[in-house]
Amino acid sequence: MFFLCSQFNRCITSQLIKWFSNFREFYYIQMEKFARQAIVDGVNDVKGLSVARDCELFRALNVHYNKANDFQVPERFLEVAEITLQEFFTAIFLAKDSDPSWKKAIYKVICKLDSDIPQEFKSSNYL
DNA sequence: AGAGCCCCTG
DNA sequence: CAGGGGCTCT
């Protein structure tokens with residue numbers, strides 16, 4: 001819809017889906033990693049977990065998705081990231097990760113929080 | 001059957 | 001990132 005100059009056949013589209021799927025996987029891997037680290041660090045309350053622009057988790061994500069700081073990360077992203085981190089923390093804290101499919105419940109919550117494409121990306125002269 | 005996503009791997 | 005197996009849903 002937003003890249004009218006490109007032809008999207010089946011292969012290109014599936015590759016694109018794969019690409020974004022990898023992006024999402026990286027996101028969740030980081031979330032689990034930092035949630036586990038928080039537990040190791042002795043955090044025992046989700047209220048102690050936040051995601052701000054100057055925190056380690058945000059930096060890890062930003063380096064991956066927005067290395068050159070081409071755009072300003074939407075505030076909503078931080079909110080959802082924080083919710084995700086807390087979801088992982090709570091699940092691990094309650095030892096729910098013993099269930100092989102423990103992440104599915106988290107995915108179901110977080111995928112509903114997906115945001116629409118930022119308006120600036122829809123601009124034809126964005127590139 | 002095919003799309004989409006997850007998981008694991010290289 | 002890409003590949004490929006597996007599962008869900010249409």
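So you know, we letter chains A, B, ... as the sequences are listed, proteins then strands, and number each from 1. Note that these values count all heavy atoms, side chains included, but never hydrogens, waters or copies made by symmetry.
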- [ ] Determine which pairs satisfy ring pair (Phe, Tyr, Trp, His ring centres under 6.0 Å) with at least one residue from residues 98-120 of chain A, sequence neighbours left out, and list them in order.
- [x] Y28(A)-Y107(A), F88(A)-W102(A)

Task: Spacing of M31(A) atom CE and Q86(A) atom CD [to the nearest 0.5 Å] - done: 10.5 Å

TODO: Please report the shortest heavy-atom distance between Y27(A) and V80(A), naming the atom on each side.
DONE: OH-O, 3.6 Å

For residues 11-19 of chain A, which side-chain N or O atoms pair as donor and acceptor with protein atoms under 3.5 Å away, sequence neighbours left out?
residue: T13(A); atom: OG1; partner: N9(A); partner atom: O; Å: 2.8
residue: S14(A); atom: OG; partner: R10(A); partner atom: O; Å: 3.2
residue: S14(A); atom: OG; partner: C11(A); partner atom: O; Å: 2.9

Task: Per-nucleotide protein contact string for nucleotides 4-10 of chain B, where B marks a base within reach and S marks sugar-phosphate only (heavy atoms under 4.0 Å, - for neither) - done: SSSBB--

Open item on the list: List the residues meeting salt bridge (Lys or Arg N to Asp or Glu O under 4.0 Å) with E79(A), not counting sequence neighbours, and say none if there are none.
Closed with: R76(A)

Task: R53(A) with E75(A): basic N within carboxylate O range, under 4.0 Å - done: yes

Task: Start and end of chain A contact along DNA chain C [non-hydrogen atoms, under 4.0 Å] - done: dC1(C) to dG4(C)

TODO: Report the C-alpha separation of R24(A) and D114(A) in whole Å, then their side-chain angles, then the decisive distance to 0.1 Å, and conclude whether the salt bridge (Lys or Arg N to Asp or Glu O under 4.0 Å) test is met.
DONE: CA-CA 11 Å; R24(A) 188 183 289 273; D114(A) 279 355; 2.7 Å; yes

Identify all side-chain donor-acceptor contacts of residues 43-51 of chain A below 3.5 Å with residues at least two apart in sequence or on another chain.
residue: D45(A); atom: OD1; partner: K47(A); partner atom: N; Å: 3.1

TODO: Scan F20(A) against the nucleic acid and name what it touches under 4.0 Å (heavy atoms): base, sugar-phosphate only, or nothing.
DONE: nothing

